[in-house]
Structure formats: C-alpha cells, structure tokens
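These notes are about the structure you will find just below.
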Amino acid sequence: MLRRICTLAAVAAATALATPAMAQTSGGTMNVVIQPEPPGLMLGITQNGPTQMVAGNIYESLLRYDTELNPMPSLAESWEVNEDGTVYTFKLKDGVTWHDGEPFSAADVVFSADVFLRETHPRLRVSLQHVETIEALDDRTVQFTLKQPFGPFLGIFEVGTMPMVPKHIYEGTDFKNNPMNATPIGTGPFKFAEWEKGSYIRLVKNEDYHVEGQPYLDEIYWHVIPDAASRSVAYETGKVDVLPGGSVENFDVQRLVDLENSCVTGKGWEYFAPHAWLWVNNREGPMADKRFRQAIMYALDREFAKEVIWNGLGQVPTGPVSSKTRFYTDDVRQYPHDPEKAKELLAEMGYDGTPIRLLPLPYGETWQRWAEAVRQNLQEAGIAVEMVATDVAGWNQKLAEWDYDLAFTYLYQYGDPALGVARTYLSSNIAKGSQWNNVEGYVNEEVDRLFNEAAVAFPDSARQELYTEVQQILVEEVPVAWLLEIEFPTIHRCDVKDLVDTAIGVNDGFRNAWLDR
Amino acid sequence: MQKLIYIAKRLVKAVFVLLAIVVLNFFLIRAAPGDPAQVMAGEAGAADEIFIAQLREEFGLDEPLHVQLWIYVSDIVTLDMGYSYRQDEPVAKLVFERLPATLLLTGTAFVLSILLGVLLGALAAARVGKWTDSLITVVALVFYATPLFWIALMAILLFSVKLGWLPGFGMFSVGADYTGFAAVLDVLQHLILPAATLGLFFMAIYARLTRASMLEVMDMDFVKTARAKGVAPARITRIHVLRNAILPVITLAGIQAGQLVGGAVLTETVFAWPGIGRLMFDALLQRDYNLLLGVFFVSSAMVILFNLVTDVVYTLVDPRIELK
C-alpha cells in the first residue's frame, strides 16, 4: 500500500508560489563573477563551491527544494514512499534530453546514483550506505529500497549532492580521466559553450530544455576576477550583474548596495545553512574543561560580529543545528554576551592564564577582522590569545593534524542534522587527516546514541524528540563555540529578476532568472 | 670564435644550474604545510579518508619522496613538465597558454619603462639641480616607493570608475567578439592600465639609476676634455656620458627581462590579467606541485638565458669588456 506524499496538484501549488506573477521577458546576457576559478565543471567529480555555482546550470537532479526545504519536482515529476519509509519510487519527467540529444531515462538515474557517484562522491557515498538497491522499474520509474528508514533521504536529491550524469558517456570509462569532463553534458537549462582559462566561462541557453519557455536568458558569462577589490569595481562599473555570496569583502557590501539599481539578498542558503563556529580542541589544556568552553561562549559578543562584520545578515545560532535546518530547537541553554559570567567560570575552574592559539580562516579580510573581534572578546574575559597566521593549505593541515587550540570554520548542514550536523560530534568520526569530521575530539556516548538513532528513526516526530535532546546536551557541553548562521549576501542589479528562489540560491542555476530591461 | 666557445660553456653550466634549481624547488614547495589532496578535499566541503587517499594515489603523492623526485627529474630532463591534476591538463599546455598574455603585459611595461626611465634619468642628469631634475626625482621616488597594488587600485578607481575611460579588468571585452583591428584596439585599451602600473615602477628605477650613473660619469676627465674641445652639450650627454653610464641600466634590464616570463603576480591579480603570474600564485595556494614547479622551471630558464644575453650585450655597448 503506497501513500502519496506528493501529488501533482500540490507540486503545481508549490511552483506557483515560487514564481511571481510577472511576465518574464526572454533574451539577454548575464554577467556573473566566479571566484575562485573552479578546477573543473564535472559536478559528479568536483563538488567545491565555484564548480557547483557554474555547473548547477548544466546538471540537474531529481528534486529541487524551496526555501522551506520542501522537495519540488525537477527531473522527477512525482514520488511516493511506502508506509514504513523504506521504499521510495520516483516517476521521471517525460521528454527530457541530454545536451547532446540523447534521451534521459531511468537507466541514467541508476547509473549515476549506484555506479558513478558511489565511486566519486564522498558525501553522497555516506548517505547511500543506507540504500540497499536502486532499480529502474521501467524507462521512467526508479525505485530506491532502503535497508531501514533514513530520515534525510528525500533531502539528498539536491543537484550538488546527486547530480545526474549521462550513462551513455561514462559507462565503462575511467570517470575521473574521461576527456568529456572538459565539455560537461547535463540536462540543465544551460549548455557548456567555452572556457577561456583565467578569463571566463560561457554557458548558452539550452533550446531543448524540458521546461517550456525556459530558460529566459540567452547566455551567461562567468568572469574570473581574482582580486576582491577588482570584483567590487567590476560590479560598480557595470561589467557584471551579479556578485554571488562571498565574492566581495563584507565592508564593500553596503557601498555596492547603495549604488543605483542595486539589490542584495541573504536568501538562497537555506539548504546549505552555512554554520560558523570555533573549533575548540577538547583534548588538551584548559579547553578540556567544560567550564572553559562555556566561558568562551559567554565571552563572545556574537551580536556585534553579526551586526558589524556581517552587515546584520544572518542569525546568532543557539546551538549545533541551524534554525534553517530541519529539527532545530531553541529550547536549549542560552549564552548571552556576559564577560562577567565568563570570568566567574574561569575563576571557578582555576584558569591560570595559559595563552591559547587562535587560527583564523584564511579566506580574506572579513575573516581576519572577525578573528580580531573574537580575540578582543576573549581577552576582555581574561583569556590570553595568540593569533596564528597561515594560508588555506596550512589551515587545512593544522586542522587535519589537530594542531590548534581554537580555529575558525564554517560547514554546510545540507538540510538535515543527519547529513551535516552529526558528523561534527560523533565519536566514531574522530580521525586525523580530515578537516570535516569530529576535529574537536569530543566524545559522549549519549550523543553518539541519540544521533545514530535519530538518523534512522521514523516518523519525523520520533526524530524531533531525539534531536531536541541531543541539541540540549551539546549546547550544555559546548564541544565547539557556535558563532553565526551565515547568510552570504548575493548582490545583483535590481532588474535581474527571480535570481534566488530556491534553498540553494544561485547554485541552482539561472533557470528562472530573467532581465527586466 | 672565442665568444662562441664562451657562450657554449655558459650554456653547459646553465643546464646544471637549472637542474640544481629544479631539485631545490622540489623540496622547497614540499616544505610548505599541506598538500594538494588536502586542499582539494578542503574545497569539497566534505571528505573522508578514502577520498583523500584516492587523491594522493592519483597525484602520485603516496610514493616516497625520493621516488617522486626521481620521477620528476627524469621527466624534466626530457622537457616534460608533467601534469596538473588539479587543472586536469598538462603543465606545458597551461604554461604556454598563459605565456602570450604575460609577455604582452611585461614586454610592454619593459619597453615603456626603459625608454621613459632612461629618457627621464638623462634629462634629470643633464639639468641637475634645476626644477626639472627635482620634479623627475620626486616623481621617480613616489612611484618607486608606492606599493604596486595601491597604484593599480587607484588607477582603476580614477580611470575606470570615476572617469570611465578605460576598462578596469581583463584582457579583452568578454562577449564582444571583436575581430581584426577592433580586437587589437580592444586589447590595447585593456593593456594601458596594467602596463602603465607595472611600467611606472620600473621606470622609476631606471630613471634613478640613469641619473645617478650619469652624474658620476659627468665628473670624469674625458667628459671635461670633451667639453674643453668644444663639443656641443647635447652631444656630450648623448655620446660621451650616456653611453658610458648605461651599463648598470643594462644590468637591471637583464634582471627585469629574466622576470618577463615569471609574470607580475600583483598586477595580474588586481587587473584580472590572465597571465602566468596568477597561474603561479593560484598554484602556490592550491599546492599544485607540478604546475608550480613548471612555472619555476620556465622562469628560471629565462633568468639564466637573459643573464647570458646581458653579458653579451655588455660587449656590444662597451668593447673594452671581453667574454672569457
């Protein structure tokens, strides 16, 4: 007996909400900044930020997500799940073709998920461990059978997580060295046209796109401009229309927004929910004491950092789960800015003034200033801080080798605590050599149990209960010091319409975007 | 004949110097913290140990260091600069793709700075103590002392943002599809700001050097003799003084010429000029070992070559100098 989770009518309603009732005009060229230059555009192989930002136009997945993280149809037009949440059946859209004209079918889905991405995609590989079989029932129907219920399952069909790759090009080849990686073929609204390394990437409209009348733009140029100040100037002088989040320094944002015909939005990060925190090395020195870590939380003026360093965009987090992510609760211990309380805690534990090292994130001036603000906060509470200077490679290595006391970072949450939160706190995830696991060395059996049970609990109400409890424990224990739910500002000309309308913003491609000129 | 033997000897020595540089560079960049696999894993935002191990194996970083060195050196002696795993292309292709842009920028700046620098320096020396001299000295000092990137940004602000006369970034108008003369003109317009920024710095050095060197020569006896003979002042400056004072300028030009291929990291970065300097800088941040070593190899070869050329040029300018 199948239960219909999503009917076409509901889908139509959701799509109508996402698309304002304005008459879109077709045509025009969009100029966008891309920074840094991506190493490649084959989204199944390279998953870094700039790759997805460009390749999100070329590739697609089965689903998309609105800003509330509700799944919307993309290559799948409808989907069903059985009573106990272990069998998911997707009905694919009819008449979809790859950019080279070959038809897209269920065989491509099976190949992408079960063969290609299992080999190349470290993040998806972890989620797919819950999947027993992936089968094509017919040309347009794909069935995923899970080993047990896996709560976040419907959340792993985002384009950067599970991009559909063409079976007819990759089957039986060495995926990473396939020469076709240089000219990516997807089903998306735009096709790859050319890449002048060091200068620009050009995409052109897919005339055979499966959504009638879309996309509206004729072509997109992604400009490679290595200097942040020059990127601001490129926008100021009208050479580019869109500055995706993080492409200019925060202190330039206000100046650029004040220009004529210039708009800014912090939306479009709901799926990723970039969560910034300070790694606290729980293994050694004063950081091993819970009271020291709580003192750090009280010492930090997180509102100030949000208002001044991030121009008021974002939100001060209450704990490990972002308010954008599912199963969030604010029913946890609160840490207002209270240096006196911090001093009390430090006195109580007998902190002897041992200096601790602070490792900023070497991602530009914004992060440097944030680190300086944090140092000042900590010093006001009586904690001696030494800044450590390094570059990106050095930062990676220091974290992977646990050679730090406090270190800045931010991680994506991918909509569900099981995908993007648990990895930071599970003790089974402690291993040198990676900067994305339990780097702080936090060990708590109760937390392990709660996270592991919550991932496979069914239905959602059972998951909520478990996640609420784990959030309460973590916020009490402060394994890391949460700083900010980041919203990277996307700056764009106001006459660029419908640019950001899903949970992954500009990373979702410009299928709906149009120019009102 | 003697000259040719000398040059041949120098070239043989150069090969060994180059090889030593390659080995030194190899160890130098591996001494930097982190490796390309870690950087790529870092950018992916999520990675397990399997992923990083896969990358290391793919890049050949799982081999012991001496094996890696042996592989690299035995490739480089056949002029094979290896493969950039990050960019997924052979290093030679990447380097030679970027070379024309860099040569255009650094070459223009080179010619511009020598011509203007020597001219201004000679002018200042000829009118030493007068206001022309003071003006040139001050201008040269300002351009010499101001950081390059600041001049670059200010130039963009003034000419690109405020006045809107010149494009502020890139090498050509993307998407304009100019052909023929229009395309050349387009590149020239894009070239003005970066070439001027880079050129002004070197111009300042040449001007100061020429002036100082000429003033020294002016006090010499043969100049007094020439003056006593009644040779015209302009001719004294041109033939007697400048020609004798030009040697240090040639030395510096030799050094600058050696760096032509190395690119200009700051200028290329600020102006988004798609040259080799940026390629190198990105490779450095990404720990793209092969690419970085490749750029180092080409630019050190150029430095050695131009040192030799400089020495030969000395003998042309001043026949008293012999090559032995």
Side-chain angles (χ1 to χ4, degrees), chain A residues 29 31 36-37 39-40 42 46-51 120-123 125-126 176-177 181-182 196-200 202 219 221 223-227 229-231 233-234 236-237 239 272 362 390-401 411-412 414 420 423 431-437, chain B residues 32-36 38-54 58 84-89 93-94 97-98 101 149 152-153 156-157 160-161 164 167-175 266 268-276 278-279 281-282 284-288:
Chain A
T29 299
N31 290 285
E37 186 162 19
M42 204 302 164
T46 316
Q47 284 99 31
N48 68 12
T51 297
T120 60
H121 201 309
R123 185 155 53 80
R125 186 158 58 209
V126 176
K176 287 191 176 168
N177 295 314
N181 292 342
E196 183 80 33
K197 286 259 167 90
S199 289
Y200 67 89
R202 185 165 78 102
E219 52 182 357
Y221 281 97
H223 298 263
V224 181
I225 307 174
D227 181 61
S230 306
R231 291 194 285 276
V233 168
E236 226 171 328
T237 53
K239 297 279 183 195
F272 302 121
T390 182
D391 70 348
V392 175
W395 175 84
N396 279 324
Q397 196 199 29
K398 280 185 190 306
L399 283 181
E401 300 293 320
L411 262 72
Y412 289 173
Y414 305 108
R423 57 177 173 165
K432 273 196 181 180
S434 163
Q435 57 276 55
W436 309 112
N437 54 20
Chain B
D35 71 16
Q38 229 164 26
V39 172
M40 283 187 84
E43 288 170 351
D48 42 14
E49 296 84 82
I50 312 170
F51 182 71
I52 294 180
Q54 272 176 353
E58 193 190 332
S84 163
Y85 293 98
R86 184 185 172 89
Q87 308 246 18
D88 222 355
E89 285 194 57
K93 179 163 180 269
L94 287 167
E97 249 174 26
R98 296 291 186 95
F149 70 89
L153 285 174
I156 292 178
L157 267 187
S160 201
V161 179
F169 73 96
M171 187 174 156
F172 45 85
S173 301
V174 169
L266 276 177
E268 288 179 10
T269 302
V270 174
F271 289 101
W273 192 264
I276 238 170
R278 258 174 68 197
L279 189 70
F281 189 62
D282 288 345
L284 174 69
L285 289 183
Q286 294 152 354
R287 303 291 191 266
D288 190 341

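Given the structure is predicted, the values throughout are model-derived calculations rather than measurements. Within every chain, numbering begins at 1; the chains are lettered A, B, ... in the order of the sequence lines, protein sequences first and strands thereafter. These numbers come from the heavy atoms of this one structure, side chains and all, not from hydrogens, waters or symmetry mates.
Residues P167(B) and K239(A) come closest through the heavy atom pair CB-NZ, 4.5 Å. Here the shortest heavy-atom pairing between S160(B) and T237(A) reads O-CG2, 3.7 Å. The two atoms that bring R278(B) and G198(A) nearest to each other are NH2-O, 3.0 Å, heavy atoms only. Closest of all the heavy-atom pairs between Q38(B) and Q435(A) is O-NE2, 3.5 Å. Residues R86(B) and N48(A) come closest through the heavy atom pair NH2-ND2, 4.5 Å. Taking every heavy atom of both residues into account, L153(B) and A229(A) meet most closely at CD2-CB, 3.8 Å.
In this structure, CE in M40(B) is found 12.0 Å from CG in N396(A), a value given to the nearest 0.5 Å. Atoms OG and CD1, on S230(A) and I156(B) in that order, are 4.5 Å from each other to the nearest 0.5 Å. D88(B) CG to K176(A) NZ: the interatomic distance, rounded to the nearest 0.5 Å, is 10.5 Å. Summarising the geometry, atom CD belonging to E236(A) is positioned 7.0 Å from atom CG belonging to L157(B); distances are rounded to the nearest 0.5 Å.
Only the side chain of A431(A) has a heavy atom closer than 4.5 Å to any heavy atom of chain B. Contact of L285(B) with chain A is made through backbone and side chain together, with heavy-atom distances under 4.5 Å. Interface remark: K432(A) contributes backbone atoms only to the contact with chain B (heavy atom separation under 4.5 Å). With a threshold of 4.5 angstrom between heavy atoms, T29(A) does not approach chain B through any atom at all. For R125(A), the part lying near chain B is the side chain, with the backbone staying farther off; criterion is any non-hydrogen pair under 4.5 Å. Only the side chain of H223(A) comes within contact range of chain B, judged by heavy atoms closer than 4.5 Å.
With sequence neighbours excluded, the residues that form a side chain to side chain contact (heavy atoms under 4.5 Å, CB included) with S199(A) are E196(A), F172(B), P274(B). Every residue meeting the ring-ring contact (aromatic ring centres under 6.0 Å, His included) condition with Y200(A), not counting sequence neighbours, appears here in chain and number order: Y221(A).
Without hydrogens or angle criteria, T269(B) side chain to D227(A) main chain gives no donor-acceptor distance under 3.5 Å. The backbone N or O of A393(A) lies less than 3.5 Å from no partner atom in the side chain of R287(B), so there is not a single donor-acceptor pair.
In terms of heavy-atom pairs under 4.5 Å with chain A, the best-connected choice from Q54(B), R98(B), E97(B) is R98(B).
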